[in-house]
Amino acid sequence: MCKDECTNTLMEHDNIEVFGARMYNLKNIDVTIPRYKLTVITGLSGSGKSSLAFDTIYAEGQRRYIETFSAYVRNFMGNMERPDVDKITGLSPVIAIEQKTTGNNPRSTVGTITEIYDFLRLLFARAGEAFSFHTGEKMVRYTEEQILHLILSDYDGKACYLLAPLVKGRKGHYKELFESVRRKGYLHVRVDGELREITYNMKLDRYRNHDIEVVIDKLYVSHQDEARLKKSVQAALKQGNGVLLLIEKERGVARYLSSRLMCPTTGMSYNEPAPHNFSFNTPKGACPVCNGLGVINRVDIDKIAPNKNISIAQGGFSPLGKKTEAFIFKQLAAVCEKYGFSLQTPIAEISDEAMHEIMNGSGEPLPISDNGSSSCLADYNGLVFYIEQQQAEAASLSEARAVEQFYRKVVCPDCHGFRINIEARHFRIHDKNIAQLSEMDIIELDRWFAALPDRLTEKQRSIATEILKEIRTRLRFLIDVGVGYLTLARATATLSGGESQRIRLATQIGSQLVNVLYILDEPSIGLHQRDNLKLIHALQQLRDMGNSVIVVEHDEEMMRAADYIVDLGPKAGRLGGQVVFQGTPEEMLKTDTLTARYLNGRERIEMPNTHRRGSGKTLVLRGAKGNNLKNITLTLPLGKLICVTGVSGSGKSSLINMTLRHVLSNHFYRSSVEPLPYKSIEGIENIDKIVEVNQAPIGRMPRSNPATYTGVFADIRTLFAQLTESKIRGYTPSRFSFNTANGRCSECGGNGYRKLEMNFLPDVYVKCEACQGKRYNRETLEVRFKGKSIADVLDMTINQSVEFFENMPRFIHKLKMLQEVGLGYIKLGQSATTLSGGESQRVKLATELAKRDTGNTLYLLDEPTTGLHFEDVKTLLNVLNRLVDRGNTVVVIEHNPDMIKSADYIIDLGPGAGKDGGQIVVEGTPEKIARSSKSILASFLKAKIMTDTIDKR
């Protein structure tokens with residue numbers, strides 16, 4: 001093909017063109033997206049953004065990739081369903097960086113998923129310096145020639161013994177070892193510092209620790225006898241596994257020499273370092289106690305005896321319950337008698353010495369009496385051993401969980417949470433081991449590596465140059481996307497969706513791929529305004545490398561920085577799915593779409609004129625010091641809308657989600673999750689329950705839907721069961737469930753569709769011929785209320801169902817709540833897997849609003865504006881204000897400026913991230929925060945308030 005033809009072909013594909021997209025609520029739309037540009041897809045929650053970006057464009061890209069494999073390979077891999085679209089042209093290889101977390105594997109860390117830890121392992125294996133964990137001395141190693149030269153120069157003319165160490169500080173009689181040595185032709189050994197001749201059937205005290213070395217040679221060192229010395233050195237190194245012991249006969253001074261890394265004082269040696277020796281995911285490198293997890297499970301005495309004011313007989317020990325004739329109670333009675341109290345004594349009055357024996361067992365047999373008639377001696381191993389035995393013998397998952405409630409996770413006492421074994425922890429570069437580097441935040445680590453080359457030896461520098469370059473490049477990418485406050489040791493299971501997404505983004509930037517289409521789902525989640533520009537710069541960098549970037553986003557700064565915008569709407573659900581605008585941001589500002597009206601200031605979220613006074617009561621959490629929290633005291637004024645703000649990594653989640661929430665959950669619901677360390681909590685009597693509302697799916701199965709989650713479906717099924725036709729036929733509410741066999745369609749199992757396996761082609765889903773997609777069998781559908789069957793009701797939107805059931809006071813309020821939170825467009829039976837994060841959250845909020853409350857409920861929400869359009873944020877604020885107006889308290893972790901300015905009270909954490917955060921910088925009304933000179937938030941909040949004031953005028 002000539003050059004002009006190539007150019008023409010490229011020009012034809014300057015755009016990604018989508019024709020006839022119909023996935024979910026998309027209305028047969030055509031979209032043109034320019035290649036090699038940063039494109040933002042925006043619109044109301046539920047308008048079809050993810051349906052277009054992920055379920056259409058990404059799904060088609062993945063399907064085409066799978067089709068490049070042979071039919072034989074595809075049969076094993078499985079095939080992807082073709083998205084409902086007529087045609088897509090100009091599609092590059094696609095990589096999706098979604099909002100989901102990286103998984104719950106406790107062995108996965110930031111360091112492992114970014115591959116930085118792999119480079120660190122290589123660095124320490126090749127350039128690390130080993131130190132003895134016994135003496136702290138630097139380990140030494142010699143070549144065979146160096147050992148020979150050293151002996152000749154230091155011991156010339158002296159009588160010496162050459163020995164090979166065989167056993168170091170281990171118990172045993174070693175009869176077989178002595179016999180093996182004797183058969184090799186050696187006549188003498190040194191046992192515990194004493195030279196002895198090897199005799200037939202020689203053995204030692206098996207219960208004592210021993211040091212054993214075999215005598216290889218006795219000689220006068222001289223240059224004339226160098227050949228003999230060389231052979232003896234070789235034999236000693238071979239028998240001693242790379243280590244020999246040299247003893248000067250006259251002075252008796254011993255000296256270890258080794259071809260392996262060795263402590264010059266004790267002779268203790270390390271294995272040859274390799275990358276796997278520094279991995280906590282391999283047996284060679286992992287701590288042997290915690291197996292590389294950094295934590296172990298320990299029985300918690302406080303959980304065994306939660307109420308110390310009652311006696312053992314009254315059920316003071318939860319695993320045992322009240323006193324029975326079980327043998328364990330007879331053993332406990334023996335311990336009680338030994339220390340002068342009984343099973344009726346309150347646990348609080350039992351001495352510490354006695355409690356220690358009750359928990360850990362006695363060192364001697366105890367006299368066990370049987371109803372006072374006879375007694376016998378029996379060992380007592382302790383309550384801890386009893387619980388561990390119960391867990392080991394658990395026959396079912398429920399039994400195991402019942403025992404697990406008495407455990408708590410504690411930092412491993414051997415590795416102190418570093419995960420790797422003691423040898424790996426004693427390899428250092430400059431002044432740090434690999435675990436210490438993993439505990440440093442990424443910004444600090446980048447500074448440390450920047451200064452490292454000047455601190456290395458010439459040999460280390462030549463080895464490490466390329467490795468350091470790779471490490472620093474990856475660290476810079478992580479800092480650029482706003483996660484510099486994280487540590488490499490941070491478990492990925494604890495990352496938010498936004499953090500994990502930005503880490504994957506940094507990894508992709510580091511891969512240096514070109515001509516790739518990247519699709520991201522709200523990468524700005526959890527990102528403070530300060531770090532937003534860094535993220536935008538990272539996306540532009542990805543674009544400038546020769547890639548196309550599509551971002552599903554609502555952030556105003558992101559939209560203004562985009563090259564192209566696709567706005568979907570005009571509303572959500574069945575009222576959305578249309579392209580209301582596509583073009584540049586400048587062109588969009590001149591239009592009248594809902595998004596454009598918010599961007600150009602014609603629509604806005606009003607700031608409240610006054611702030612609520614609250615109930616006058618407070619909830620106070622003192623001494624919070626988990627993770628990076630600096631022993632802070634949190635005071636929540638009840639009866640207000642409270643925003644907890646701060647830069648990413650300042651400690652918001654540690655304070656609210658991991659400390660306050662767990663403390664309250666343990667109090668109200670007996671949760672077994674351990675909160676982060678804190679001193680005390682006061683004012684807990686001022687609230688009666690805690691409710692957490694997050695954006696997790698309301699169900700992971702297609703059978704879950706808004707009707708089942710809110711409980712309204714049970715009411716509707718009861719209504720249908722009470723109809724005359726149902727009573728005649730003997731139908732119960734279960735008849736109208738598509739999850740039970742008696743009422744659902746037997747052909748499709750209540751799914752409404754059938755899956756046809758096509759072997760080498762993607763599976764095809766077709767509407768069930770028997771029920772026509774209605775899920776129920778014919779007999780069930782014959783029962784009708786106001787002319788509608790149960791399937792017809794599930795196919796109604798919330799708005800339609802409110803009109804249909806207007807005279808049903810038992811459950812109409814549940815439907816009205818769904819309508820009032822802005823979900824009138826979704827269907828009652830809509831699958832939970834098709835709901836967006838914002839829609840799922842509002843279903844949960846509506847469910848809580850529909851419940852009766854006492855006005856003393858504490859609601860906790862973590863970034864509720866995630867995935868929400870400006871208009872959705874306004875709706876959400878109305879819902880939250882209703883909760884607070886009823887006397888409840890709502891605590892929101894948030895970065896959204898519209899949410900923050902609407903709060904009654906703000907608690908700003910910082911001032912920085914990681915070790916520079918964990919303090920309450922300022923707290924008070926939005927106006928007070930905006931005037932503060934300490935808060936990073938102040939300038940952004942002040943600008944927002946001023947803009948709103950100007951727009952009002």
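All heavy atoms count here, side chains included; hydrogens, waters and symmetry mates do not.
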Residues passing the ring pair (Phe, Tyr, Trp, His ring centres under 6.0 Å) test with Y518, sequence neighbours excluded, are none
Side chains of E144 and S259, donor plus acceptor under 3.5 Å: no
Polar contact flag, side-chain donor to acceptor under 3.5 angstrom, S362-E364: no
Taking atom NZ of K630 as the centre, does the number of heavy atoms from other residues, nucleotides or ligands within less than 6.0 Å exceed 12? yes
Residues, nucleotides or ligands: over 12 heavy atoms within 6.0 Å of Q512 CD: yes
With sequence neighbours excluded, give me every salt bridge (Lys or Arg N to Asp or Glu O under 4.0 Å) pair touching residues 420-433. none
Which residues pass the ring pair (Phe, Tyr, Trp, His ring centres under 6.0 Å) test with Y117, sequence neighbours left out? F280
Which donor-acceptor pairs under 3.5 Å do the side chains of residues 154-172 make with protein atoms, sequence neighbours left out?
unit_1 : atom_1 : unit_2 : atom_2 : d
D154   : OD2    : R255   : NH1    : 3.1
K168   : NZ     : Y256   : OH     : 3.4
K168   : NZ     : T266   : O      : 3.2

With Y407 as reference, evaluate E674, K303, Q391 under the side-chain hydrogen bond (donor to acceptor under 3.5 Å, both in side chains) test and give the passing residue. Q391
Do R121 and N277 have a side chain donor and acceptor closer than 3.5 Å? no
Pairs involving residues 172-193, ordered by first then second residue, that meet ring-ring contact (aromatic ring centres under 6.0 Å, His included) (sequence neighbours left out): none
Among pairs that include at least one residue of residues 217-237, which meet salt bridge (Lys or Arg N to Asp or Glu O under 4.0 Å), considering only residues two or more places apart or in two chains? D217-R228, D225-R228
